[in-house]
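One-based numbering, in listed order, for ligands and for the atoms of each.
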Amino acid sequence: MLSDEELRGRWRRLIETLVREGVVKSTPVRDALLKIPRYLFVEGRYRGYAHVDEPLPIPAGQTVSAPHMVAIMLELADLEPGMDILEVGTGSGWNAALIAELVKTDVYSVERIPELVEFARENLKRAGYGDRVHVILGDGTKGFSAQAPYDEIIVTAGAPKLPNPLVEQLKPGGKLIIPVGSYHLWQDLYVVTKTEEGKIRKRRWGGVAFVPLIGEHGWSE
Ligand code: SAM
């Protein structure tokens, strides 16, 4: 088993590589990634692989995304302190913790699998974000109207189309980051902006591979 020091060292080297490669571009994203290592959000048997830049298994047959993918989405999000953020697809809770670190306020994250709600809550508590990240059990394709509207909604599962409730729950000028494409692990990552007049602008970032977004406005199971 790797010591905490070895885990920390490997994690730091991965983040330094992502900075050198230009994947991690901004100081806040770099600092957040250094502060919140992925090994705190995986089961014990995967801790030694947390620094490998690939997705890792989490309970219920789901995955925690590869560090480069999380970094890309956080850079696209360009988060600022005080922003109201909804994440759809809590999984391990790692990305939600990173978001909370960047916005320095409460974050809401919806997960459809009860086992993962528990898993994420435990991880978040252990990492010191249990009081700021609110994990909600539910169908995130419907958003979370109780805290809407949001400056940004970040979806970490692949949708067949833009879920209308998510667009509706954006503030004017707000941003939706979402993979849209096929069920089987191939989507395009879109940055969708809602203009001040309520119009929708879509920008395609590139190809990504996420597990499916399953729900009323997503894929059926
Ligand atoms: N952001 C996560 C992390 O940091 O570990 C990784 C997310 S994982 C790639 C995608 C997650 O989306 C899975 O946990 C899956 O159960 C969840 N999911 C799929 N459809 C959903 C829906 N309609 N509402 C909420 N969560 C959903």
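Separating the CG atom in Leu74 from the NZ atom in Lys25 is a distance of 13.0 Å, to the nearest 0.5 Å. Between the OH atom of Tyr39 and the CG atom of Asp4 there is a distance of 6.0 Å, given to the nearest 0.5 Å.
Contact check on Lys171 versus Asp151 returns a salt bridge, with a Lys/Arg side-chain nitrogen under 4.0 Å from an Asp/Glu carboxylate oxygen. Using a cutoff of 4.0 Å between basic side-chain nitrogens and carboxylate oxygens, Arg12 and Glu16 are scored as salt-bridged. Salt-bridge formation is detected for the pair Arg121/Glu118: a Lys NZ or Arg NE/NH1/NH2 atom is positioned less than 4.0 Å from an Asp or Glu carboxylate oxygen. Between Glu197 and Lys199, no side-chain nitrogen of the basic residue sits less than 4.0 Å from a carboxylate oxygen of the acidic one, so the salt-bridge criterion is not met.
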Short N or O separations between ligand 1 and the protein, below 3.5 Å:
| residue | atom | partner | partner atom | Å |
| --- | --- | --- | --- | --- |
| ligand 1 | 1 (N) | Glu87 | OE2 | 3.1 |
| ligand 1 | 1 (N) | Gly89 | O | 2.9 |
| ligand 1 | 1 (N) | Thr156 | OG1 | 3.1 |
| ligand 1 | 4 (O) | Asn95 | N | 3.0 |
| ligand 1 | 5 (O) | Ser92 | N | 2.9 |
| ligand 1 | 5 (O) | Ser92 | OG | 2.6 |
| ligand 1 | 14 (O) | Glu111 | OE1 | 2.7 |
| ligand 1 | 14 (O) | Glu111 | OE2 | 3.4 |
| ligand 1 | 16 (O) | Glu111 | OE2 | 2.6 |
| ligand 1 | 20 (N) | Ile214 | N | 3.0 |
| ligand 1 | 23 (N) | Asp139 | OD1 | 3.0 |
| ligand 1 | 23 (N) | Ile214 | O | 2.6 |
| ligand 1 | 24 (N) | Gly140 | N | 2.8 |
| ligand 1 | 26 (N) | Arg112 | N | 3.3 |

